[in-house]
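Only one structure is covered here, and it is reproduced in the block below.
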Amino acid sequence: MESTNRLSAIQTLLVVQRWIGLLKWENQEEDGLLTSLKCIYPFVLHLPLTFTYIALMWYEAITSSDFEEAGQVLYMSITELALVTKLLNIWYRRKEAASLIDELQHDPSYNLRNAEEIEFWQRNQRDFKRIFYWYIGGSLFVALMGYVSVFFQEDYELPFGYYVPFEWRTKERYFYAWGYNVLAMTLCCLSNILLDTLGCYFMFQIASLFRLMGMRLQALKAAPEEQAKPELRHIFQLHAKVRRLTRQCEVLVSPYVLSQVVFSAFIICFSAYRLVHMGFKQRPGLFLTTVQFVAVMIVQIFLPCYYGNELTFHANALTDSVFATNWLEYSVGTRKLLNCYMEFLKRPVKVRAGVFFEIGLPIFVRTINNAYSFFALLLKISK
C-alpha cells in the first residue's frame with residue numbers, strides 16, 4: 001500500500017536545483033543536442049557568476065590595505081569558499097546523487113504498507129519542509145536586506161564587497177557593480193542553501209527509514225511467531241539496504257559538512273569582528289544584515305549536525321525496538337535469528353565528515369566554541 005510521494009518535502013526544490021545547475025537533469029542519458037546543452041549548462045551558468053564573483057571577492061580581500069578592511073570582505077569570502085567545495089563535490093558525484101534520489105523515490109523495498117506508516121511519513125515530510133522553507137526564506141531575506149540597506153548609506157557602498165575593475169563610486173556606474181553583485185550573490189546564496197537542504201534531507205530520509213523499521217518491530221508485539229518470522233526477515237533485509245544507503249549518503253555529504261565545519265568558525269569570527277568595528281549608529285542597515293547573517297550561519301552548521309545526530313540516534317534505538325517484540329514466545333530458531341540481528345546492531349551507524357569527526361551535535365558545540373576563541377584572539381591582536 002502506497003499513496004504518497006516519498007520525496008514530497010523537496011520535490012519542488014529538486015526542480016529548482018536542476019535549473020540552477022546543481023543536479024543532473026532527468027533523462028540526461030539520451031543522445032542529442034539537448035543532452036549536450038544540459039551537460040554544459042551548469043558551467044555556463046556558474047563560471048561567469050559564482051566562480052568569477054568568488055575570485056573577485058578573494059582578490060579584494062588579499063589586496064586590502066589593512067586588516068580591518070580585509071575583514072569586511074573575508075567573512076563572506078570564506079562562506080563562498082565552502083560553497084566551492086559543495087559545488088565541486090555535487091558535480092563530481094552527480095550520478096551518485098541522482099541514483100540515491102531515484103532509489104529513495106522508486107525502490108519498492110521502501111514502500112509504505114498501511115495508513116499509520118503513510119501518516120507518519122507525511123507528517124515527517126511536512127515538518128522537514130516547514131523547517132527548511134523557513135531556513136531558505138530567512139537566508140534569501142538576509143541577502144535581500146543586504147541589497148536594499150546600501151541605499152540608506154550616505155556613501156556609495158556595495159551590499160557584499162568584491163573587487164570591481166572600474167571606478168564604480170559614481171551615479172552612472174554604481175548600478176553596474178550593484179547589479180552584478182545582486183545576480184552573483186543570489187545564485188551563490190541559493191546554491192549554498194539548496195545544497196545544505198539536499199545533504200540534510202538525505203540524512204533525514206535515512207533516519208526516517210530507521211524509525212520506520214522501529215515501528216514495524218514494535219508492531220510485532222502481539223503478532224504470533226508464524227506472522228512475525230517472515231516480517232523479521234524482511235526487516236533484516238531492509239536494514240541491510242538502509243545501511244548501504246547510509247554509506248552512500250556519507251560519501252555525498254561528508255565533504256560539504258567537513259568544509260562547512262572547518263570554515264564556519266572563521267566565518268562567525270570575522271562576522272562578529274565586523275560587527276564590533278561597524279557599530280549600529282554608523283551603519284544600521286548593514287549592522288542588522290550582518291547580525292542576521294551570523295544567525296543564518298549558526299543555523300546552517302546546526303542543521304546537518306542535528307540530522308546526523310538523528311540518524312545515529314534512531315539507528316541505535318532499534319535495539320530497544322527488538323526487545324519490544326514478543327520474543328519470549330518465539331521458538332529457539334527465531335530467537336537465534338533475533339540474537340544474530342542484535343549482534344549486527346552492535347555495529348554503530350554513524351555518518352562521518354572525512355576521517356576527522358562524526359556528524360552530530362557535539363561537533364556543533366565545538367564549532368561555536370572555536371568561533372568564540374578565534375574572535376577573542378582576533379580582538380586581542382587588533383588592539
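Taking the charged nitrogens against the carboxylate oxygens, Arg113 and Glu231 do have a contact shorter than 4.0 Å, which makes a salt bridge. A salt bridge links Arg216 with Glu117: at least one charged nitrogen is closer than 4.0 Å to a carboxylate oxygen.
In this structure, the side chain of Ser149 engages the main chain of Met145 through a donor-acceptor pair within 3.5 Å. Gln205 places a side-chain N or O within donor-acceptor distance of the main-chain N or O of Arg6, the cut-off being under 3.5 Å. Side-chain atoms of Trp58 come within 3.5 Å of backbone N or O of Ser77 as a donor-acceptor pair. Side-chain atoms of Thr50 never come within 3.5 Å of backbone atoms of Leu47 as a donor-acceptor pair (strictly under, hydrogens ignored). No donor-acceptor pair closer than 3.5 Å links the side chain of Gln292 to the backbone N or O of Val142. Checking side-chain atoms of Asn316 against main-chain N and O of Thr312 turns up a donor-acceptor pair under 3.5 Å. Side-chain atoms of Tyr372 never come within 3.5 Å of backbone atoms of Ala265 as a donor-acceptor pair (strictly under, hydrogens ignored). Judged purely by atom type and a 3.5 angstrom limit, Ser254 uses its side chain to pair as donor or acceptor with the backbone of Arg352. Side-chain N or O atoms of Tyr147 include none that pairs as donor or acceptor with a backbone N or O of Asn181 at under 3.5 Å. Looking only at distances, a side-chain donor or acceptor of Asn89 sits under 3.5 Å from a matching main-chain atom of Leu252.
Taking the six-membered ring for Trp and the full ring otherwise, Tyr176 and Phe166 have centroids separated by 6.0 Å or more. Trp168 and Tyr163 have their aromatic ring centers separated by at least 6.0 angstrom. Between Phe43 and Trp91, the ring centre distance stays below 6.0 Å. Ring centroid separation for the pair Phe128 and Tyr307 comes in under the 6.0 Å cut-off.
No cation-pi contact links Arg366 to Phe357, judged by a cut-off of 6.0 Å to the six-membered ring centre and 45° from its axis. Both the sub-6.0 Å distance and the 45° axial angle are not jointly satisfied by Lys38 relative to the ring of Tyr41.
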Going through the distances and angles, do Tyr162 and Tyr59 end up as a side-chain contact (heavy atoms from CB on, under 4.5 Å)?
CA-CA 8 Å; Tyr162 72 101; Tyr59 184 79; over 6 Å; no

Go through the steps for Phe141 and Trp134 under the test ring-ring contact (aromatic ring centres under 6.0 Å, His included), then give the verdict.
CA-CA 10 Å; Phe141 179 75; Trp134 273 105; over 10 Å; no

Just do the side-chain contact (heavy atoms from CB on, under 4.5 Å) check on Val294 and Ile267 with the steps written out, would you?
CA-CA 8 Å; Val294 173; Ile267 295 166; over 6 Å; no

Can you check salt bridge (Lys or Arg N to Asp or Glu O under 4.0 Å) on Lys86 and Glu80, steps first, answer last?
CA-CA 10 Å; Lys86 298 176 190 180; Glu80 302 309 333; over 6 Å; no

I'd like to know whether Glu358 forms a side-chain contact (heavy atoms from CB on, under 4.5 Å) with Val351, so could you lay out the CA-CA distance, the side-chain angles of the two residues, the decisive distance to 0.1 Å, and finally the verdict.
CA-CA 6 Å; Glu358 299 165 11; Val351 181; over 6 Å; no

Starting from the C-alpha separation in whole Å, work towards a yes-or-no answer on side-chain contact (heavy atoms from CB on, under 4.5 Å) for Phe204 and Asn124.
CA-CA 9 Å; Phe204 159 79; Asn124 272 13; 3.8 Å; yes

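Atom CG of Leu100 and atom CZ of Arg244 lie 9.0 Å apart (nearest 0.5 Å). In this structure, the separation between OG on Ser259 and CD1 on Ile78 is 12.5 Å, given to the nearest 0.5 Å.
Of the candidates Leu311, Thr246, Leu245, Leu209 forms a side-chain contact (heavy atoms from CB on, under 4.5 Å) with just one, namely Leu245.
Residue-environment remark: CZ (Phe344) exceeds the threshold of 12 foreign heavy atoms within 6.0 Å. Remark: Lys241 NZ is packed, more than 12 non-hydrogen atoms of other residues, nucleotides or ligands lying under 6.0 Å away.
Ring geometry for Tyr306 against Phe302 counts as parallel: the plane angle stays under 30°, on a 0 to 90° scale with 60° as the upper cut. Taking the six-membered ring for Trp and thresholds of 30 and 60 degrees, His46 and Phe51 have ring planes more than 60 degrees apart, a perpendicular arrangement.
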